[in-house]
Participant: 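One structure coming up, written as structure tokens, with questions to follow.
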Amino acid sequence: MRPPPLEGLRAVLFDLDGTLVDTASEFVVVVQALRAEYGLPPLEAALIAASVSNGARALVTLALGTQETEPHFETQRQRLLTLYGEVLGSTAQPYPGIPALLAALAERGIAWGVSTNKPRAFAAPLMERLAIQPTIGSLVCPDDVRERKPHPEALLRNCAELGCLPEQAIYIGDHQRDIEAGRRAGMYTVAALYGYIEADDNPALWGADASVRDSRDLALLLFGTHLTA
């Protein structure tokens, strides 16, 4: 671990699911509902949560055991997305300490944003329903760029929208693709070990500059102290 570049820091960027917001409870409901439609018993909730960061396709494969090459896969994916749209924002919440962290960033004149592989059709309504304050400065989704993470394009767009250089930003994420994207963009990277990490993954191999096991420890990493609010 090396200390974050606090001098000249202009922006802190987050992955969305599993880093800024805990959305697992909604995906557990969705996957169980999809399985029920096919007469399948419920899965262990922790298994579903660990797969959330891999996206809708991975969740369909987990739920039904089908692969993208199978003829009905796209229909099943669309059904999962429909079910998700019905519960979007119903139980999702920012991780503990995140609102206080964002307030502390604002007090220091540091902007914040999100770079996610979640489609804008879901990411934007989720952010609106959560109404996180202070207001987000930049939301970049795969619809907004040519290349998804781990390509750095989305993070570079965040920086352009926030008026900062990549080396003036920190990126926090709970998946190897997040850390790779941040490194390729030239940012300081933080692995969110509290997020959705599969049992066979090893975050120590991601190459992050730092890692935190609890979302409340992000303030400790950035400011050297825990926040009380």
Side-chain angles (χ1 to χ4, degrees), residues 1-28 45-46 49-50 52-53 88-118 123-140 149 155 158 162 164 168-179 181-182 187-198 201 203-204 206 208-229:
M1 180 182 294
R2 67 181 180 92
L6 300 181
E7 186 173 349
L9 180 65
R10 297 281 304 281
V12 175
L13 306 175
F14 301 83
D15 176 48
L16 184 51
D17 300 77
T19 302
L20 183 76
V21 179
D22 187 356
T23 57
S25 58
E26 297 179 355
F27 285 105
V28 169
V52 169
S53 288
L88 177 69
S90 59
T91 59
Q93 291 292 329
Y95 278 98
I98 291 294
L101 174 64
L102 298 180
L105 291 174
E107 289 174 1
R108 293 161 172 81
I110 301 170
W112 73 279
V114 167
S115 178
T116 177
N117 277 351
K118 193 185 198 79
L126 176 61
M127 295 301 293
E128 290 173 5
R129 290 170 193 177
L130 292 174
I132 300 173
Q133 296 297 323
T135 305
I136 186 172
S138 172
L139 171 64
V140 178
K149 295 180 297 182
L155 291 173
N158 283 125
L162 295 174
C164 70
Q168 296 172 316
I170 290 173
Y171 187 46
I172 307 165
D174 70 324
H175 197 281
Q176 183 173 0
R177 76 172 69 89
D178 298 319
I179 304 307
M187 296 179 181
Y188 182 92
T189 57
V190 180
L193 304 184
Y194 56 84
Y196 308 142
I197 300 173
E198 295 176 298
D201 203 350
W206 295 356
D209 294 299
S211 62
V212 295
R213 294 194 173 277
D214 189 302
S215 53
R216 287 163 289 204
D217 290 338
L218 288 169
L220 182 62
L221 174 67
L222 297 181
F223 306 131
T225 183
H226 282 108
L227 301 174
T228 57

Participant: For residues Leu126 and Gly89, report the shortest heavy-atom separation together with the two atoms involved.
Facilitator: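 Nearest heavy atoms, Leu126 then Gly89: CD1-CA, 3.8 Å.
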
Participant: Is the closest side-chain heavy-atom distance between Leu101 and Arg216 below 4.5 Å?
Facilitator: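 They are not in contact (no side-chain heavy atoms under 4.5 Å apart), so the answer is no.
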
Participant: Report yes if the side chains of Val190 and Ile170 come closer than 4.5 Å at any heavy-atom pair, otherwise no.
Facilitator: yes

Participant: Using the rule given for side-chain contact (heavy atoms from CB on, under 4.5 Å), can you reason through Leu102 versus Phe14, listing the C-alpha separation, both sets of side-chain angles and the distance that settles it, and then say yes or no?
Facilitator: CA-CA 11 Å; Leu102 298 180; Phe14 301 83; 3.8 Å; yes

Participant: Of the non-hydrogen atoms in Gly113 and Ile136, which two are nearest, and what is the gap between them?
Facilitator: CA-CG1, 3.9 Å

Participant: Walk me through whether Asp15 and Lys149 qualify under salt bridge (charged side-chain N to carboxylate O under 4.0 Å, His left out).
Facilitator: CA-CA 10 Å; Asp15 176 48; Lys149 295 180 297 182; 3.0 Å; yes

Participant: Counting N and O atoms only, with roles assigned by atom type, does the side chain of Arg10 sit under 3.5 Å from a partner on the main chain of Ala169, one being a donor and the other an acceptor?
Facilitator: no

Participant: What heavy-atom pair brings Gly173 and Ile179 nearest, and what distance separates the two atoms?
Facilitator: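 Taking every non-hydrogen atom into account, O-CD1, 4.3 Å.
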
Participant: For Asp17 and Lys118, indicate whether the former's side chain and the latter's backbone hold a donor-acceptor pair under 3.5 Å.
Facilitator: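 Flag not set: sc Asp17 to bb Lys118 has no pair under 3.5 Å.
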
Participant: Test side chain to side chain donor-acceptor pair (under 3.5 Å) on Tyr196 and Asp22; report intermediate values, then the result.
Facilitator: CA-CA 9 Å; Tyr196 308 142; Asp22 187 356; 2.6 Å; yes

Participant: For the atom pair CG (Leu139) and OG1 (Thr116), what is the distance rounded to the nearest 0.5 Å?
Facilitator: 7.5 Å

Participant: Check whether any side-chain heavy atom of Val212 sits under 4.5 Å from a side-chain heavy atom of Leu193, and report yes or no.
Facilitator: no

Participant: Judged by atom type as modelled, is there a donor-acceptor pair below 3.5 Å linking the side chain of Glu26 to the main-chain atoms of Ser90?
Facilitator: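 Looks like yes, one N/O pair under 3.5 Å.
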
Participant: Hey, is the main chain of Ile197 close enough, under 3.5 Å, to the side chain of Asp201 for a donor-acceptor pair?
Facilitator: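 Pair absent, no side-chain N/O of Asp201 close to backbone of Ile197.
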
Participant: To the nearest 0.5 Å, what is the distance between CE on Met187 and CG on Leu155?
Facilitator: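 These two atoms lie 4.5 Å from each other.
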
Participant: Check the pair Val21 / Gln93 against side-chain contact (heavy atoms from CB on, under 4.5 Å), numbers first and verdict last.
Facilitator: CA-CA 6 Å; Val21 179; Gln93 291 292 329; 5.8 Å; no

Participant: Ala104 and Leu227: which non-hydrogen atoms are nearest, and at how many Å?
Facilitator: CB-CD1, 3.9 Å

Participant: Evaluate the side-chain proximity of Leu218 to Val12: yes if any heavy-atom separation is below 4.5 Å, no if none is.
Facilitator: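 They are not in side-chain contact.
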
Participant: How are the rings of Trp206 and His175 set relative to one another: parallel (under 30°), tilted (30 to 60°) or perpendicular (over 60°)?
Facilitator: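 Answer is parallel, since the angle falls under 30°.
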
Participant: Which heavy atom of Ala106 sits nearest a heavy atom of Pro134, and at what distance?
Facilitator: CB-CG, 3.7 Å

Participant: Passes side-chain contact (heavy atoms from CB on, under 4.5 Å), Tyr194 versus Asp174? Steps please.
Facilitator: CA-CA 8 Å; Tyr194 56 84; Asp174 70 324; over 6 Å; no

Participant: If you measure from CG on Leu222 to CZ on Arg108, what distance do you get to the nearest 0.5 Å?
Facilitator: 9.0 Å

Participant: Quick one, Ile132 with Trp112, criterion side-chain contact (heavy atoms from CB on, under 4.5 Å). Give me CA distance, side-chain angles, the key distance, then yes/no.
Facilitator: CA-CA 11 Å; Ile132 300 173; Trp112 73 279; 4.1 Å; yes

Participant: What distance separates Phe223 CZ from Ile110 CD1, expressed to the nearest 0.5 Å?
Facilitator: 5.5 Å

Participant: Can you measure from CG (Leu20) to OG (Ser115) and round to the nearest 0.5 angstrom?
Facilitator: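 Separation between the atoms: 12.0 Å.
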
Participant: Considering non-hydrogen atoms only, spot the tightest contact between Ala111 and Leu162 and give its length.
Facilitator: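 Where Ala111 meets Leu162 most closely, the heavy atoms are CB-CD2, 3.9 Å.
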
Participant: Without swapping roles, check the side chain of Tyr95 against the backbone of Asp214 for a donor-acceptor pair under 3.5 Å.
Facilitator: no

Participant: Measuring from atom CG of Leu13 to atom CD1 of Ile172, what distance do you get when rounded to the nearest 0.5 angstrom?
Facilitator: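 Result: 8.5 Å between the selected atoms.
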
Participant: Is the side chain of Thr189 donor-acceptor paired with the backbone N or O of Gly182 at a distance under 3.5 Å, no angle test?
Facilitator: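 Absent.
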
